[in-house]
Amino acid sequence: MFLSLPCRFRNSGYLPYTAAMPRLPRRFFARNTVTVARELLGQRLVRILNGQRLAGLITETEAYVGEEDLACHARAGRTPRTQVMYGPPGHAYIYLNYGLHWMLNVVTERNGFPAAVLIRGIQPTQGLEQMRLWRGGQPDKTLTNGPGKVTQALGIDHSLNGIDLCVRRTELFIEAASPVAHILNSPRVGIENVPEPWKSMAWNFKIMTNDNG
DNA sequence: AGCACGATTAACT
DNA sequence: GTTAATCGTGCTC
């Protein structure tokens with residue numbers, strides 16, 4: 001179920017189609033991480049970069065849930081890196097993977113419980129030209145279909161680690177968009193060396209398309 | 001201080 | 001299908 005969200009802009013009748021929709025509030029993220037991961041599909045990830053708005057609908061997510069989850073960075077407990085995940089929900093947890101790729105996560109659950117949702121893919125809706133530039137001329141088909149590609153296309157790196165996605169002036173946030181009807185769920189990607197049952201938990205969610213469904 | 005590893009990607013064959 | 005690129009992190013000595 002989707003939360004009912006503030007709708008004060010919805011019925012004004014004369015807004016241009018570019019008008020910003022309401023942002024997902026902190027209470028959206030302050031819930032069960034698997035639920036948040038599933039419900040983030042179809043919502044609009046927005047990056048404001050040098051005053052320009054880049055946006056895309058979220059197409060793939062993954063849940064990482066607490067110290068018990070041996071695929072989650074919080075398995076090591078509270079460290080300088082995992083600090084943000086222990087903080088309040090609705091903040092960005094961003095880290096470097098393979099020495100090359102920045103991964104964007106959104107912190108979930110209550111303050112003090114370490115969990116987050118990894119954004120693994122988006123479908124660009126605004127700022128496509130700028131995304132192509134950031135991606136070095138890669139074909140549109142592979143522009144943002146992976147976690148490292150999403151951050152590269154949106155110009156996201158460690159400088160945004162820990163920022164609040166739920167306040168007024170922020171350069172990264174998520175807007176309420178269209179609910180998604182058909183969702184595919186499967187085990188999480190890239191955790192081959194993680195023990196069971198965590199390796200097999202079906203906490204990867206993606207929108208069903210002609211390609212995958 | 002040193003080491004092995006990783007929530008990946010792109011360019012190979 | 002295979003592999004190199006590349007470095008922060010957490011663990012061990």
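Below, chains carry the letters A, B, ... as their sequence lines are ordered, and counting in each starts from 1. Just so it is clear, the values below take in all heavy atoms, side chains as well, and ignore hydrogens, waters and symmetry mates.
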Checklist entry - Just the dot-bracket of DNA chain B, please: which string comes out with Watson-Crick or G-U pairs under 3.5 Å, [ ] for crossing, | for another strand? => result ||||||.|||||.
Checklist entry - Nearest 0.5 Å, what's the CD1-CG distance between A/Ile119 and A/Leu41? => result 9.0 Å
Next on the checklist: What is the distance, to the nearest angstrom, from the NE2 atom on A/His158 to the P atom on B/dA7?
Outcome noted: 19 Å
Checklist entry - Parallel, tilted or perpendicular: which describes the rings of A/His73 and A/Tyr93, with under 30° parallel and over 60° perpendicular? => result perpendicular
Checklist outcome for this item: note: A/Leu70, atom CG; B/dC5, atom C1'; distance rounded to Å ~ 16 Å
Next on the checklist: Using a 3.5 Å distance criterion without hydrogens, assess whether the side chain of A/Asn50 forms a donor-acceptor pair with backbone atoms of A/Gln52.
Outcome noted: no
Item to check | A/Glu62 and A/Arg188 ion-paired at < 4.0 Å | outcome: no
Next on the checklist: From CE of A/Met85 over to P of B/dA7, roughly how many Å is that when rounded to an integer?
Outcome noted: 11 Å
Next on the checklist: Under a 3.5 Å distance rule, please check whether A/Tyr86 uses its side chain to pair with a backbone N or O of A/Arg78 as donor and acceptor.
Outcome noted: yes
Next on the checklist: Given 3.5 Å as the limit, does a donor-acceptor pair link the side chain of A/Arg23 with the main chain of A/Arg168, or not?
Outcome noted: yes
Item to check | Beyond-backbone contact of A/Met131 with A/Leu154, side-chain heavy atoms, under 4.5 angstrom | outcome: yes
Next on the checklist: Between A/Asn193 and B/dG6, is there a contact of a side-chain N or O with OP1 or OP2 at under 4.0 Å?
Outcome noted: yes
Checklist entry - How long is the line joining CG of A/Leu118 and P of B/dA7, in whole Å? => result 10 Å
Using atom names, set out every protein N or O paired with an N or O of nucleotides 7-13 of chain C below 3.5 Å, distance rounded to 0.1 Å.
{"from": "C/dG10", "atom 1": "OP1", "to": "A/Thr79", "atom 2": "OG1", "distance (Å)": "2.1"}

Next on the checklist: Distance check needed: B/dC5 C1' versus A/Ile191 CD1, whole Å only.
Outcome noted: 15 Å
Checklist entry - Which heavy-atom pair separates A/Glu39 from A/Gln43 by the least distance, and what is that distance? => result O-NE2, 3.1 Å
Next on the checklist: Could you check whether A/Lys149 and A/Asn145, counting side-chain N and O atoms only, form a donor-acceptor pair closer than 3.5 Å?
Outcome noted: yes
Item to check | Side chain proximity check, A/Val65 to A/Phe113, heavy atoms < 4.5 angstrom | outcome: yes
Checklist entry - For A/Thr82, does its backbone N or O pair with a side-chain atom of A/Thr79 as donor and acceptor, under 3.5 Å? => result yes
Provide a list of protein-nucleic acid N or O atom pairs under 3.5 angstrom, restricted to nucleotides 10-13 of chain B.
{"from": "B/dA10", "atom 1": "OP1", "to": "A/Arg135", "atom 2": "NH1", "distance (Å)": "2.6"}
{"from": "B/dA10", "atom 1": "OP1", "to": "A/Arg135", "atom 2": "NH2", "distance (Å)": "2.7"}
{"from": "B/dA10", "atom 1": "OP2", "to": "A/Lys149", "atom 2": "NZ", "distance (Å)": "3.4"}

